[in-house]
Amino acid sequence: MSSLMINLFLAGFAYVIIIYFVAMMTKNSLKKGKDGRDDGDGGIEDKNPPQIDLPPGVIWPGDSPKKTKPEPVDY
């Protein structure tokens, strides 16, 4: 056998071994009582928007003053 064939065989064998170990590790983690309802992001859920300090004179669109009818101009 040439060295190329031996290298290909060893690489294929190593690939099969690695895939086997990865499959065994994931199978164990899936059995540990997880029923698939976990969204997976963890932490504390906070639905409040972040408080951002804006520079002077800049306001959020939701904080803008309410539109009123402009006063008529006499010519």
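Numbering of residues begins at 1 and proceeds along the displayed sequence.
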Same hydrophobic cluster for Ile52 and Ile59, using side-chain heavy-atom links shorter than 4.5 Å among ILVMFWY?
-> no
What residues, two or more places apart in sequence or in another chain, satisfy side chain to side chain contact (heavy atoms under 4.5 Å, CB included) together with Val16?
-> none
Name all residues meeting the side chain to side chain contact (heavy atoms under 4.5 Å, CB included) criterion together with Leu4; count only those two or more places apart in sequence or in a different chain, and write none if there are none.
-> Ser2, Leu8
Remaining members of hydrophobic cluster (4.5 Å side-chain criterion), Tyr15 = Ile19
Can you measure from CZ (Phe13) to CD1 (Ile18) and round to the nearest 0.5 angstrom?
-> 11.0 Å
